[in-house]
Amino acid sequence: LNSQYLREAEVLERDAPMAAVAPIRQRHAVLVLIEDLDMAAARAIQYARTLSPDAMSAVHFDLDPFETEKLVEGWQRLGFDRIPLDIVSCYDRRLDRAAAEVAARQLARHDTELTVLIPRREHSRFWHRLVHDRTADMLAKTLSNLAHCNVTIVPFHLANPDEAIVVGGGGDEAGAAEAAVSAGKATKTVRSAAIQPGDFEIPPDCTPIGQLTFRQEAKIAGRVDAMRVQPMAGAATLELTLVDGTGAVKLVFFGRRSLAGVKAGTRLHVTGRVGEHRHTMAMLNPIFEIQVPEHEVELPPAHH
């Protein structure tokens, strides 16, 4: 044990002087991973705001369309909509993979230091802890392996889950969360169908996203991996992240909060000119078509 302690101390001290004086990255981004609208989420958002980041957004992984739709509706109704909410497709239900991809996209800008906040409910009695999973620990372990990705678990202590929770002076987010808690939670009744990334091919007439260049007029095909609705210059702006296996590109729709039939996991054919939005390659107000896989098309009865 003593030898192990010595080896660890040597590793920790070896580059400490150089790290202490290394240049800091210019941009600080904060992501808050959100599962439900509750006091744990509100506390994490409240803490994120104190960090005064250059960019901040909440991230929800779409495991259940019913729950996701309820969260998006509540996000706007309860006053959280000043903070961008990203709905990220999780087709294989592997949260660690999805979270790592979201973080990697942020870190693709080499000037970014990333902080990921993970709300966690802390239960006072051990048998309460036994019936709740440790997803936060699993996500923290995965994300902490990424350079310049800093993970913080934000605890919210539950003295008694059956009692109403009242927080004084918590601001809009705390008040909204109290409303969410008092409104109760609907029972989960719908499960999402997994959309595998390899169950479709890039059509011959489409350009792979990884080969796009600026000012190019192109037709692309892919899956909506994430959605973001946020106000911009007084008007709503819908941002979609489209992926096809070769890369990712932003689709930006000004003045829109939603597109009928489009959600995380939807496959699209998109035509437009490649430009730039928030220092990222993007298509602005492109033309799109929703593509439905053959196995999902409802055929009419045989006698029709």
Side-chain angles (χ1 to χ4, degrees), residues 1 3-35 40-41 43-45 47-48 50-51 53-63 84-122 129 132-156 194 196-198 209-210 223 225-226 228 241 243-248 250 264 279-280:
L1 287 177
S3 298
Q4 178 64 22
Y5 286 140
L6 291 175
R7 284 194 296 270
E8 291 177 355
E10 180 183 356
V11 170
L12 291 172
E13 294 176 2
R14 182 184 304 151
D15 298 325
M18 183 180 299
V21 298
I24 63 173
R25 296 197 163 189
Q26 297 179 350
R27 179 174 178 267
H28 180 209
V30 173
L31 302 179
V32 186
L33 305 189
I34 299 294
E35 179 183 3
R43 177 68 188 94
I45 292 173
Y47 174 58
T50 68
L51 301 177
D54 299 298
M56 182 178 78
S57 62
V59 177
H60 175 74
F61 298 107
D62 184 17
L63 301 177
L85 172 64
D86 293 341
I87 306 299
V88 177
S89 172
C90 191
Y91 53 85
D92 55 5
R93 307 184 72 82
R94 288 180 51 200
L95 290 175
D96 54 345
R97 176 205 59 79
E101 288 184 355
V102 171
R105 287 198 195 102
Q106 290 283 341
L107 294 168
R109 289 185 53 170
H110 299 297
D111 62 345
T112 299
E113 191 78 24
L114 178 63
T115 297
V116 179
L117 304 182
I118 306 177
R120 183 170 69 187
R121 306 173 189 89
E122 298 289 348
R129 294 193 293 270
H132 294 276
D133 63 26
R134 311 302 287 180
T135 303
D137 296 328
M138 178 266 291
L139 292 175
K141 182 178 180 180
T142 300
L143 294 173
S144 61
N145 290 321
L146 300 176
H148 296 279
C149 180
N150 312 281
V151 183
T152 300
I153 292 178
V154 183
F156 181 80
Q196 301 298 331
I209 292 176
R223 175 172 52 81
D225 190 62
R228 168 183 288 188
T241 301
V243 299
D244 69 354
T246 67
K250 291 283 187 183
H279 308 289
T280 302

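In what follows, every heavy atom counts, from backbone to side chain, and hydrogens, waters and symmetry copies are set aside.
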>> Walk me through whether C90 and D62 qualify under side chain to side chain contact (heavy atoms under 4.5 Å, CB included).
In response: CA-CA 6 Å; C90 191; D62 184 17; 5.8 Å; no
>> Show the nearest heavy-atom pair for residues P119 and A44, with the distance to one decimal.
In response: CG-CB, 3.6 Å
>> Ignoring hydrogens, what is the shortest heavy-atom contact between S144 and V151? Give both atom names and the distance.
In response: N-CG2, 3.9 Å
>> Ring of Y91, cation from R97 - is the NZ or CZ under 6.0 Å from the centre and inside 45° of the axis?
In response: yes
> Of the non-hydrogen atoms in A147 and L107, which two are nearest, and what is the gap between them?
Replying inline: O-CD1, 3.5 Å
> Pick from D86, T241, I87: which one makes a side chain to side chain contact (heavy atoms under 4.5 Å, CB included) with R228?
Replying inline: D86
>> Going by the rule salt bridge (Lys or Arg N to Asp or Glu O under 4.0 Å), which residues pair with R43 if we only count those two or more places apart in sequence or in a different chain?
In response: none
> To the nearest 0.5 Å, what is the distance between CG (L117) and CE (M56)?
Replying inline: 9.0 Å
> Okay, side chain of D137, backbone of A140: is any donor-acceptor separation there less than 3.5 Å?
Replying inline: no
>> Any carboxylate oxygen within less than 4.0 angstrom of a Lys/Arg side-chain nitrogen, looking at R105 and D225?
In response: yes
>> Between E113 and N150, does the side chain to side chain contact (heavy atoms under 4.5 Å, CB included) criterion hold? Intermediate values first, please.
In response: CA-CA 8 Å; E113 191 78 24; N150 312 281; 3.1 Å; yes
>> On a heavy-atom basis, which atom in L139 and which in A99 lie closest, and how many Å separate them?
In response: CD2-CB, 4.0 Å
Side-chain atoms of residues 26-34: list all donor-acceptor pairs with protein atoms under 3.5 Å, sequence neighbours left out, distances to 0.1 Å.
unit_1 : atom_1 : unit_2 : atom_2 : d
R27    : NH1    : T112   : OG1    : 2.9
H28    : NE2    : T115   : OG1    : 2.8

>> Do V116 and T152 have side chains that approach each other closer than 4.5 Å (heavy atoms only, starting at C-beta)?
In response: no
>> Under a 3.5 Å distance rule, please check whether D96 uses its side chain to pair with a backbone N or O of M138 as donor and acceptor.
In response: no
> Are L95 and L63 close enough that some pair of their side-chain heavy atoms sits under 4.5 Å apart?
Replying inline: yes
>> The test is side chain to side chain contact (heavy atoms under 4.5 Å, CB included); show your working for I209 and V243 and say whether it passes.
In response: CA-CA 7 Å; I209 292 176; V243 299; 5.5 Å; no
> What closest approach, in Å, do A100 and T142 show between heavy atoms, and which atom pair accounts for it?
Replying inline: CB-CG2, 4.3 Å
>> Using modelled atom types and a 3.5 Å cut-off, is there a donor and acceptor pairing between side-chain atoms of S89 and backbone atoms of A264?
In response: no
> Where do R25 and R109 come nearest, in terms of heavy atoms and distance?
Replying inline: NH1-O, 4.2 Å
